[in-house]
Amino acid sequence: MRRSVRWTLFASVMTALALFVAACGGSDNGSTSGGGGSATSGNDTQIKAGKAGGTLTYLAASDVDYIDPGQDYYTFGYMVQYAVNRPLYSFKPDNSVKPVPDLAEGEPEISSDNKTITVHIKKGIKFAPPVNREVKTADVKYAIERAFSKEVPSGYAGAYFSSIAGTPAKANSGDVKPISGIETPDDTTLVLKLKTASAPLVSQALVMPITVPVPEEYAKKFDSTTPSKYDQYVAFTGPYMVKNDPKTGKLTGRVPGKSIDIVRNPNWDKSTDYRPAYLDGIKIEEGNDDLATASRRALNGSHSVCCDAGSPPAPVLKQVVQKQKDQVQFVPSGGTRYIAFNNTVKPFDNINVRKAIIAASDRNALRLTRGGEILGDIATGWIPPGIPGFEEAGGLKQNVDLDYLANPSGDPAVSKKYMLAAKKEDPSLSIDANGKWTGGEKILTIATNADPGKKTAEVFQGQIENLGFKLNFRIVPQDTLYTKFCGVRKEEVPICPNVGWFKDFADPQSMLDPTFNGNNILDQGNVNWPQLNVPAINSAMKDAAVVPVGADRNKAWAKIGHMIAEQAPAIPYLWDKTALVNSKDVVAVANGYYTTHDLSFTSLK
């Protein structure tokens with residue numbers, strides 16, 4: 001999904017790694033405006049004073065991906081995760097650049113050779129029932145170890161933590177095993193020994209959910225199955241928890257696809273936490289896949305907020321900006337929305353076919369389905385505004401030297417050129433003399449069932465059908481799109497039109513490595529949706545990963561961004577902002593890190 005750490009110990013490093021950012025607006029004719037390439041100070045949202053009490057209703061289209069912190073890697077899941085659990089470090093709503101110690105007691109201590117990271121954790125933080133004991137660093141050690149196993153397929157463990165000594169050669173391929181480079185000399189000290197000088201990258205990743213403690217003596221039995229059943233029995237550490245059976249730990253407050261009942265954690269000690277946790281509870285109502293209706297229900301109702309699947313449809317946004325502007329927030333996403341082609345499935349294994357489809361696509365029309373100019377710039381590449389490497393990659397004009405990405409409104413002549421090139425390369429392809437696809441088989445396309453994503457997919461369907469392709473268009477909830485189809489390798493889904501990648505921390509590696517490195521393709525929980533596996537790109541990423549933070553690192557990853565664009569793995573179409581709406585009686589606070597409502601800071605009037 002997403003996120004940099006500016007530690008005092010490395011003040012110069014942290015300045016270079018300035019994170020989270022404002023994606024700014026562009027006009028609907030494909031041009032850009034408003035200083036779209038500038039980064040913000042990190043104060044993306046406001047912390048607003050609130051009062052304690054009451055229950056908030058969250059109107060959602062779909063479900064979270066996982067409650068299990070080892071597998072959670074989806075924006076909506078993060079919103080819940082950071083309310084019910086505590087990683088080593090996290091972000092206050094108003095500053096997504098500088099993380100604060102959460103489970104940790106202070107900033108990480110990093111050795112001069114960048115090969116050792118030491119973190120001390122707070123005392124007095126306890127697991128919720130039924131575990132009820134104090135958290136130890138051994139729980140963090142086990143949490144990271146399990147995220148490398150096939151039972152707990154983390155989407156990013158291999159990308160960000162594989163430099164820890166003793167990690168398996170391939171993440172998520174074996175059972176849960178000890179990792180020698182994770183040491184716990186005592187109950188409050190965690191030491192990470194690295195194989196390479198990767199501390200700047202690994203230290204940033206300590207904000208990720210796999211640093212949420214997991215008690216081995218409790219979770220091990222659930223982790224003995226593939227996949228782990230811990231998702232149904234999570235031991236919580238945050239101010240809130242999903243309602244459970246206090247004896248067995250079974251989550252009784254979650255009905256997948258329907259609802260999540262979040263209540264206070266009776267073992268939470270406010271003195272150890274920076275979160276005010278005003279609300280008594282949060283009721284997440286799922287199945288609100290008509291975002292126009294759901295967003296209007298929140299705007300005109302009481303004690304409600306919306307939405308998880310994306311911003312409200314354009315007509316609703318227009319109305320709310322004109323008449324209810326105090327009930328909407330725009331949060332820079334620090335990411336890219338795109339339409340992914342499975343590069344291993346015919347005919348998308350042919351690079352010229354992919355280039356032709358990109359050239360034919362009207363990315364301005366795709367942006368309009370999400371609200372147009374108000375929601376951000378048309379994407380031309382994979383490093384979004386505010387992430388280091390953005391300017392080095394060409395800013396808002398990334399990759400426009402590639403003719404199939406040059407025109408945001410599409411170029412039929414360029415599209416025809418590449419279709420004919422594909423036919424010349426492979427005469428067996430069903431392409432006629434006009435550069436149109438003539439094959440009769442319908443191509444499976446998995447799209448979200450809620451607007452605006454559903455509308456985006458429908459507009460793309462019309463564009464690709466103009467080239468002669470016919471789609472088997474299936475709609476599913478957004479969480480299902482990731483967990484059952486697009487993120488599952490064996491499903492071999494040819495087209496996923498509703499994917500997006502958002503900041504893990506402000507470093508270009510976090511934008512490109514998990515998503516386009518062939519070594520990070522996973523059987524389950526895969527986020528390299530195009531399944532791009534180009535040895536030259538994989539090798540360049542390996543070399544760039546150890547380049548020190550600064551101009552040279554930015555240039556190296558910007559070059560890799562261009563190498564990816566040359567492979568035409570997908571259609572980037574939007575560097576966007578997220579629009580969040582709320583009832584008049586809600587003091588809504590958004591978190592700039594995970595770009596949606598912060599349940600621990602939001603309150604009721």
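Note: hydrogens, waters and symmetry copies are ignored here, and every other heavy atom, side chains too, is used. Fair warning: this is a prediction, and the values are worked out from it, not measured in the lab.
Residues Lys346 and Asp349 are paired through a salt bridge, judged by an N-O separation under 4.0 Å between the basic side chain and the carboxylate. Salt-bridge check for Asp231 with Arg254: passed, with a basic side-chain N closer than 4.0 Å to an acidic carboxylate O.
Counting only distance, with no hydrogens or angles, the side chain of Gln329 and the backbone of Ala588 share a donor-acceptor pair below 3.5 Å. Looking at Arg367, its side chain never comes within 3.5 Å of a backbone N or O of Tyr573 through a donor-acceptor pair. In terms of modelled atom types and a separation under 3.5 Å, the side chain of Arg354 and the main chain of Ala568 share a donor-acceptor contact. A donor-acceptor contact shorter than 3.5 Å links the side chain of Arg363 to the backbone of Leu405. Looking only at distances, no side-chain donor or acceptor of Glu285 sits under 3.5 Å from a matching main-chain atom of Ala60.
Between the side chains of Gln478 and Thr448, at least one donor-acceptor pair of N or O atoms lies under 3.5 Å. Remark: the Thr293 side chain and the Asn288 side chain contain no N/O donor-acceptor pair separated by less than 3.5 Å. Between the side chains of Asp513 and Asn520, at least one donor N or O sits under 3.5 Å from an acceptor N or O. Using a 3.5 Å distance cut-off with no hydrogens or angles, the side chains of Asn517 and Asn528 do not pair a donor with an acceptor. Looking at Tyr418 and Asp403, their side chains do bring a donor and an acceptor atom within 3.5 Å of each other. Using modelled atom types and a 3.5 Å distance limit, the side chains of Asp401 and His562 yield a donor-acceptor pair.
In this structure, the ring of Phe76 has its center less than 6.0 angstrom from the ring center of Tyr58. Taking the six-membered ring for Trp and the full ring otherwise, Trp529 and Tyr482 have centroids separated by under 6.0 Å. Aromatic rings of Phe516 and Trp501 (six-membered ring for Trp) have centroids beyond the 6.0 Å cut-off, not under it. If you look at Tyr594 and Tyr78, their ring centroids are not closer than 6.0 Å.
Between the CG atom of Asp362 and the CD1 atom of Ile378 there is a distance of 8.0 Å, given to the nearest 0.5 Å. Taking CG of Leu580 as the reference point, atom OG1 of Thr602 lies at 9.5 Å (rounded to 0.5 Å). Once rounded to the nearest 0.5 Å, the distance linking CG of Asn538 with CG of Asn519 reads 4.5 Å. The structure places CZ of Arg370 at 6.0 Å from CG of Asp576, a figure rounded to the nearest 0.5 Å. One finds the OG atom of Ser583 at 10.0 Å from the CD atom of Gln324 (value rounded to the nearest 0.5 Å).
Ser90 places none of its side-chain heavy atoms less than 4.5 Å from the side chain of Val207. With a 4.5 Å cut-off on side-chain heavy atoms, Phe91 and Tyr82 do not count as touching. By the 4.5 Å heavy-atom criterion applied to side chains, Thr483 and Asp63 are not counted as neighbours.
Within 6.0 Å of atom NZ in Lys455, 12 or fewer heavy atoms from other residues, nucleotides or ligands are found, so the atom counts as exposed in its surroundings. For Lys559, the NZ atom sits in a loose shell: 12 or fewer heavy atoms of surrounding residues, nucleotides or ligands are nearer than 6.0 Å.
Residues Leu471 and Glu465 come closest through the heavy atom pair N-OE2, 3.9 Å.
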